[in-house]
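Below is one structure, written out as structure tokens; the observations come after it.
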Amino acid sequence: EARAARSGLWSSLAFWRGLAAAAVAALALYIAVPIIAPPPALDENRLVASIAPSNSDVAYLAVYDAAKGEVSLSHSSGVRGDGRDFELWMVDGSNAPVSMGVIPAGAAVRLTVAPAIREKLAAGVALAVSREPLGGSPTGSPTEVVAAGGLTVI
């Protein structure tokens, strides 16, 4: 009798129709959920760069916020040295580096980006940090590049 009940379920047309309906509903949900709630889009107004050491122990994390026109810098490691400053540079391919300003002392700082530089940052250039005499580069070019990294969309 138990065997008849088991074979009755497997040969039941209602069972197979119900199973097929459940499979179709699960497939519809699997397809519809990404359409209803798409994954978050990349924020093209924010770029990030890991400014990694180049023959030094200096490292920064930089986040560029295009909406605010600011670069936030988080100092990870390395020291300035007595009578020295760090300076942030934009490096656009083989063009001469452009100073974005002396980086104030502190673990986390913000620099306002000049309007002429903002468009180039949005294109995803590289950033570099140099060690300079107090007040910044005396020549308008980096003296000693200690870290660099490219900007990418987050």
Closest approach of [X] and [Y], non-hydrogen atoms and distance?
{"X": "Pro53", "Y": "Ala59", "value": "CD-CB, 4.1 Å"}
{"X": "Val145", "Y": "Ala128", "value": "CG1-CB, 4.2 Å"}
{"X": "Pro97", "Y": "Val91", "value": "CB-CG2, 4.4 Å"}

Do [X] and [Y] come within less than 4.5 Å of each other through their side chains, counting heavy atoms only?
{"X": "Lys120", "Y": "Met90", "result": "yes"}
{"X": "Met100", "Y": "Val71", "result": "yes"}
{"X": "Val102", "Y": "Phe86", "result": "no"}
{"X": "Glu132", "Y": "Pro138", "result": "yes"}
{"X": "Leu121", "Y": "Leu127", "result": "yes"}
{"X": "Ile103", "Y": "Asp85", "result": "no"}
{"X": "Leu88", "Y": "Leu73", "result": "yes"}

Under 4.5 Å between side-chain heavy atoms, hopping through other hydrophobics if needed: is there a path connecting Val79 to Val58? no
Starting from Val98, can I reach Ile51 by hopping between I/L/V/M/F/W/Y residues whose side chains sit under 4.5 Å apart? yes
So the side chain to side chain donor-acceptor pair (under 3.5 Å) pairs with at least one residue in residues 91-104 (sequence neighbours excluded) are Glu87-Ser99
Okay, side chain of [X], backbone of [Y]: is any donor-acceptor separation there less than 3.5 Å?
{"X": "Arg80", "Y": "Leu134", "result": "no"}
{"X": "Arg118", "Y": "Val113", "result": "yes"}
{"X": "Ser130", "Y": "Pro142", "result": "no"}

How would you list, by chain and number, every residue that makes a side-chain contact (heavy atoms from CB on, under 4.5 Å) with Thr139, sequence neighbours excluded? Ser137, Ser141
Here the gap from Ile117 atom CD1 to Leu111 atom CG, rounded to the nearest 0.5 Å, amounts to 10.5 Å
Could you list the donor-acceptor pairs under 3.5 angstrom formed by side chains in residues 60-70, with sequence neighbours left out?
from	atom 1	to	atom 2	distance (Å)
Asp65	OD1	Ala67	N	3.1
Asp65	OD1	Lys68	N	3.3
Asp65	OD2	Arg46	NH2	3.4

